[in-house]
Amino acid sequence: MNCIIIFGRKNSKSLKNKNITKILGKPSCLYPIEAAIKSKKTDKVFVSTDSKEIMKFAKNLKCEILHRPKFLATDKALLSDAIFYSVEQI
């Protein structure tokens, strides 16, 4: 199975709500999700997040949701740890 994992947490340190801020009329998290869905190289798109809003957008686009645990959704959490966790879940 070829899959794509999109990562987006709800609390951003650098720019508040950056993953749900609208850019050209739609939430910024939708751009990578839609690009992944359009890819001819993937069978399934997963979204790893702790944000209910991002989950809602992803579910509407038929993505699989990977619920990111709190310890992987902090400013000190490493993306690499979130990647390993997501791959194990898949």
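Keep in mind that the numbers below use all heavy atoms, side chains included, and drop hydrogens, waters and symmetry copies. Owing to the predicted nature of the structure, the values given are computational and were not obtained by experimental measurement.
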Do E53 and K10 make a side-chain contact, defined as non-hydrogen atoms from C-beta onward lying under 4.5 Å apart? no

Any chance you could measure K44, atom NZ, to K62, atom NZ, to the nearest 0.5 Å? 13.5 Å

Taking all non-hydrogen atoms of both residues into account, name the closest pair between C3 and F46 and its distance. CB-CE1, 3.6 Å

When you group the ILVMFWY residues by side-chain heavy-atom contacts below 4.5 Å and let the links chain together, are L66 and L79 in the same group? yes

Walk me through whether I6 and S48 qualify under side chain to side chain contact (heavy atoms under 4.5 Å, CB included). CA-CA 6 Å; I6 307 291; S48 170; over 6 Å; no

Would one find more than 12 heavy atoms of other residues, nucleotides or ligands at under 6.0 Å from atom CZ of F84? no

Is it true that V47 and I37 fall in one hydrophobic cluster, defined by side-chain heavy atoms closer than 4.5 Å? yes

Would you find a donor on one side and an acceptor on the other, under 3.5 Å apart, between the side chain of T42 and the backbone of N2? yes

Trace of the side chain to side chain contact (heavy atoms under 4.5 Å, CB included) decision for L30 with L61: CA-CA 9 Å; L30 288 182; L61 293 172; 3.8 Å; yes

Heavy-atom side-chain contact between K70 and T74 under 4.5 Å: no

Could you tell me which non-hydrogen atom of F7 sits nearest to which non-hydrogen atom of S86, and how far apart they are? CE2-OG, 3.5 Å

Any side-chain heavy atom of I90 sitting closer than 4.5 Å to one from M1? yes

Would you find a donor on one side and an acceptor on the other, under 3.5 Å apart, between the side chain of T49 and the backbone of G8? yes

Is there a side chain to side chain contact (heavy atoms under 4.5 Å, CB included) between L15 and T21 once you walk through the steps? CA-CA 10 Å; L15 182 61; T21 297; 5.6 Å; no

Please test H67 against M55 for side chain to side chain contact (heavy atoms under 4.5 Å, CB included), starting from the C-alpha separation and ending with a verdict. CA-CA 9 Å; H67 296 272; M55 286 181 204; 3.2 Å; yes

Main-chain N/O of I23 paired to S28 side chain as donor or acceptor, under 3.5 Å: no

Has the side chain of N19 got a donor or acceptor atom that lies under 3.5 Å from a matching backbone atom of C29? no

Should we count NZ of K26 as having more than 12 external heavy atoms under 6.0 Å? yes

Within the structure provided, determine whether I65 and I54 are in side-chain contact (heavy-atom separation under 4.5 Å). no

Is I33 reachable from I5 through a run of I, L, V, M, F, W or Y residues, each pair having side-chain heavy atoms under 4.5 Å apart? no

Donor-acceptor check, side chain of Y85 to backbone of P69, threshold 3.5 angstrom: yes or no? no

Verify, without hydrogens or angle tests, whether R68 (side chain) and D50 (backbone) share a donor-acceptor contact under 3.5 angstrom. no

Is R9 salt-bridged to D75, going by a charged N under 4.0 Å from an acidic O? yes

